[in-house]
Amino acid sequence: MAKRFWLMKSDPETYGLRHLKKEKGQTTYWDGVRNYQARNFMRDDMRVGDGVLFYHSQQDPPAVVATCKITRAGYPDPSQFDKRSKYFDPKSSKESPRWYVVDLTLDRELARPLGLPEIKETPGLEDMMVARKGSRLSIQPVTAEEWKIVLALGRRKRKSS
DNA sequence: GCCAACGTTGGC
DNA sequence: GCCAACGTTGGC
């Protein structure tokens with residue numbers, strides 16, 4: 001299957017690039033997703049080697065800050081079974097887990113954050129889901145074309161005027 | 001901090 | 001199965 005591309009959102013105060021950089025092997029599992037559409041992407045569609053745009057929400061401006069790679073495909077989210085976790089789900093069971101995670105490894109930090117306003121005004125990126133009003137989905141598919149444009153923009157510092 | 005968008009829950 | 005109430009996300 002062809003390599004796919006994704007965008008994954010996180011509030012940098014809760015879990016941001018600075019956290020990911022400190023992880024062993026700069027790898028983490030993406031726990032806590034409790035939305036079925038996002039769950040389905042992780043469980044059914046994401047494959048090892050897929051590219052991920054790491055996006056910081058809840059900051060000004062929100063921005064893509066790094067690229068990552070999927071290093072393990074979907075498996076049950078351990079936090080759903082942990083009574084002490086805020087992600088504990090009493091309705092889930094090990095026999096039929098409700099929530100899934102993938103493993104994510106940092107690929108490279110962008111030379112500069114690519115902010116949401118710039119995404120919205122860049123030709124070729126205006127149809128990205130993240131650019132649309134009211135788009136709350138925390139995992140979104142990205143096209144190969146969009147991926148290329150984002151990387152080209154994030155690869156170098158913005159020209160100063 | 002506000003609030004629009006939108007997903008989920010639960011009574012009927 | 002409808003839909004009002006409610007809770008959360010996330011840009012601004």
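Letters A, B, ... are given to chains in the order of the sequence lines, protein chains preceding strands, and every chain is numbered from 1.
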side-chain contact (heavy atoms from CB on, under 4.5 Å) filter on A:Ala66, not counting sequence neighbours, yields A:Leu17, A:Phe54, A:Leu106

Scanning both residues in full, the closest heavy-atom pair of A:Leu20 with A:Leu104 reads CD1-O, 4.3 Å

Please work out which of the three classes, parallel, tilted or perpendicular, describes the rings of A:Trp6 and A:Phe41, given edges at 30° and 60°.
-> tilted

Under a 4.0 Å heavy-atom criterion, DNA chain C is touched by chain A from C:dG7 to C:dC12

Contacts satisfying salt bridge (Lys or Arg N to Asp or Glu O under 4.0 Å) that involve residues 8-18 of chain A (not counting sequence neighbours) are none

Exercise for review: Could you tell me whether A:Arg84 and A:Asp82 have a side-chain N and a carboxylate O separated by less than 4.0 Å?
Suggested key: yes

